[in-house]
Amino acid sequence: MNTKIQTLKELYPEDLLGYSHKLTEGEVAVLSELRVSLEKHLRPVLTDFYERGTFPFDEFYKVVADVNFMNDDRIFEGRENKLKTSELFNAFLYLELARFDASIATFFTVHGGLCLNTILVGGSEEQINEFVPKLRSFEYQGCFGLTEPDHGSDIAGGLATSAKRVGDKWILNGEKRWIGGSDTADIIPIFARDTEDNKIKCFIVRKGAPGYKAEVIPHKGSLRMIHNGHITLDNVEVSEADRLPNIEGFKSVNDILTFTRADIAHLAMGVSAGSFIAAHKYVTEREQFGKKLASFQLVQEKLVRMQSNFVANLGYSVQLSHLQEEGDALMTNSALAKMHNSLNMRENVALGREICGGNGITLEADVMRFFLDAEAVYTYEGTHEINALIVGRAITGVGAF
């Protein structure tokens with residue numbers, strides 16, 4: 001791998017319609033450095049950690065030390081808001097992470113998407129000043145405690161975790177499930193229902209809080225490197241100062257999910273790219289019947305479908321980014337993009353696995369990780385059906401939930 005990528009065309013040869021041309025020079029430089037660092041620190045250990053089903057924390061934090069991709073001054077050039085990068089940069093950041101590995105990208109979306117946006121949407125000025133710089137520098141690892149064992153898609157009306165006010169403290173009881181990074185996070189935003197007014201509120205549980213327990217869910221076949229946890233909250237005390245005051249009801253949760261669902265649309269776009277890149281590499285190197293696989297018509301047709309799916313996904317992500325940057329962030333748009341990009345992603349990873357034949361089921365061919373991980377991406381941040389119903393409600397005026 002080159003130590004430096006010289007041009008935008010070298011960085012994104014798959015971007016046939018030139019969506020990346022709107023990135024700033026500073027953004028391109030950081031994205032280029034990130035790709036080099038991922039290859040240097042994580043590529044050599046990726047297969048081993050995937051098979052073991054554990055996250056490469058040391059190697060990931062070497063990447064963070066190399067490339068300050070949430071906090072580098074170059075990605076804030078010309079921006080008044082220094083708390084968030086541009087939405088376009090955010091889309092391409094997910095492209096970089098997810099084209100490399102979906103677990104790495106998922107770790108980031110829990111930390112830099114779900115947790116960070118929860119603080120930005122729900123936090124007071126004091127809380128934002130305390131938590132956001134530490135999240136952006138990775139001094140703190142964050143996660144996001146919403147989903148429960150018996151409530152996923154119906155969490156709006158079914159959230160069962162309770163919060164009871166006692167003086168200047170809150171007592172939390174309940175369970176959360178599928179919470180990425182919950183066993184290692186420094187701060188854990190927990191959504192719970194106030195026993196007095198029945199409204200959903202959010203509380204920052206800090207690492208080591210008595211009564212907080214997170215057990216890693218075993219035996220996963222998808223996103224194996226992610227530590228998804230089952231959280232038990234047994235009379236966990238949280239001070240009123242650690243309640244996020246601007247989270248009042250499920251509308252606040254939707255404000256967060258509007259952005260994070262867009263993040264997963266971008267992540268699905270990146271997985272589509274990763275599978276295409278891996279398959280392309282394989283067929284241009286592998287020989288059968290005396291010539292490269294890439295010279296066969298059927299292989300080329302599949303590659304072109306994969307390329308087309310990726311470009312379509314990138315177009316959705318870029319346009320969604322523009323709308324969000326302009327303040328036109330709607331759940332309908334995020335749901336549509338997540339649904340569309342996930343469907344295309346699912347076809348791409350299947351085509352990539354197919355193109356590589358029997359070798360495609362090995363991790364060495366590099367398409368199998370994408371094939372397996374796509375199933376989790378297809379489901380989280382709203383299943384296909386839930387996102388379809390969100391859009392269906394918008395276009396018909398009838399809620400079919």
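Just the heavy atoms: all of them, side chains too, but no hydrogens, waters or symmetry mates, feed the values below.
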Requested in this report: Could you please spell out the steps behind the ring-ring contact (aromatic ring centres under 6.0 Å, His included) verdict for Phe57 and Phe49?
Outcome: CA-CA 10 Å; Phe57 285 102; Phe49 275 90; 9.0 Å; no

Report task. Might you work through the salt bridge (charged side-chain N to carboxylate O under 4.0 Å, His left out) test for Lys84 and Glu87, ending with a clear yes or no? Result -> CA-CA 8 Å; Lys84 285 193 69 174; Glu87 295 298 338; 3.2 Å; yes

Requested in this report: Give the C-alpha distance, both sets of side-chain angles, the deciding distance and a yes or no for side chain to side chain donor-acceptor pair (under 3.5 Å) between Ser86 and Glu325.
Outcome: CA-CA 7 Å; Ser86 76; Glu325 193 69 30; 5.1 Å; no

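Look at Arg35 and Glu10 and you find no salt bridge, because none of the NZ, NE, NH1 or NH2 atoms lies under 4.0 Å from a carboxylate O. A salt bridge between Glu248 and Lys201 is present, with a side-chain N of the basic residue lying under 4.0 Å from a carboxylate O of the acidic one. Under a 4.0 Å N-O distance rule, the pair Lys220/Glu375 does not qualify as a salt bridge. Glu59 has no carboxylate O lying under 4.0 Å from a charged side-chain N of Lys62, or vice versa, which leaves the two without a salt bridge. Glu51 has no carboxylate O lying under 4.0 Å from a charged side-chain N of Arg224, or vice versa, which leaves the two without a salt bridge. Salt-bridge check for Arg206 with Asp186: failed, with every basic side-chain N at 4.0 Å or more from each acidic carboxylate O. A salt bridge links Glu285 with Lys281: the distance from a Lys NZ or Arg NE/NH1/NH2 to an Asp or Glu carboxylate oxygen falls below 4.0 Å. Look at Lys338 and Asp263 and you find no salt bridge, because none of the NZ, NE, NH1 or NH2 atoms lies under 4.0 Å from a carboxylate O. Of the charged side-chain nitrogens involved, none lies within less than 4.0 Å of a carboxylate oxygen, so that Asp197 and Lys199 do not count as a salt-bridged pair.
For Lys292, the NZ atom counts as densely surrounded, since its 6.0 Å shell holds more than 12 non-hydrogen atoms of other residues, nucleotides or ligands. Applying the 6.0 Å contact sphere to CD1 of Ile361 captures no more than 12 heavy atoms from other residues, nucleotides or ligands. Counting heavy atoms of neighbouring residues, nucleotides and ligands inside a 6.0 Å radius, atom NZ of Lys207 exceeds 12 of them. Counting heavy atoms of neighbouring residues, nucleotides and ligands inside a 6.0 Å radius, atom CG of Asp73 does not exceed 12 of them. No more than 12 heavy atoms of other residues, nucleotides or ligands sit less than 6.0 Å from atom NZ of Lys164. Around the NE2 atom of His322, the shell of radius 6.0 Å holds more than 12 heavy atoms that belong to other residues, nucleotides or ligands.
Aromatic ring pairs are classed by plane angle as parallel below 30°, tilted from 30° to 60° and perpendicular above 60°; the pair His111 and Phe108 is tilted. Ring pair His384/Tyr378 is parallel by interplanar angle, where below 30° counts as parallel and above 60° as perpendicular.
Test Val205, Ile204, Asn117 against Pro189 for side-chain contact (heavy atoms from CB on, under 4.5 Å) and you get one pass: Ile204. For the ring pair (Phe, Tyr, Trp, His ring centres under 6.0 Å) criterion with Phe203, the lone passing option out of Trp170, Tyr212, Phe191 is Trp170.
By the 4.5 Å heavy-atom criterion applied to side chains, Leu314 and Glu14 are not counted as neighbours. The shortest distance between side-chain heavy atoms of Cys202 and Arg243 does not fall below 4.5 Å.
Residues Phe100 and Arg369 share a closest heavy-atom pair of O-NH1, 3.4 Å. The two residues Phe69 and Val63 come nearest to each other via the heavy atoms CE2-CG1, 4.5 Å.
Ring centroids of Tyr12 and His21 are separated by 6.0 Å or more, keeping the two rings apart. Aromatic pair Phe76/Phe89: centroids not less than 6.0 angstrom apart. Phe55 and Phe107 have their aromatic ring centers within a separation under 6.0 angstrom.
A side-chain donor-acceptor contact under 3.5 Å links Thr118 to the backbone of Leu114.
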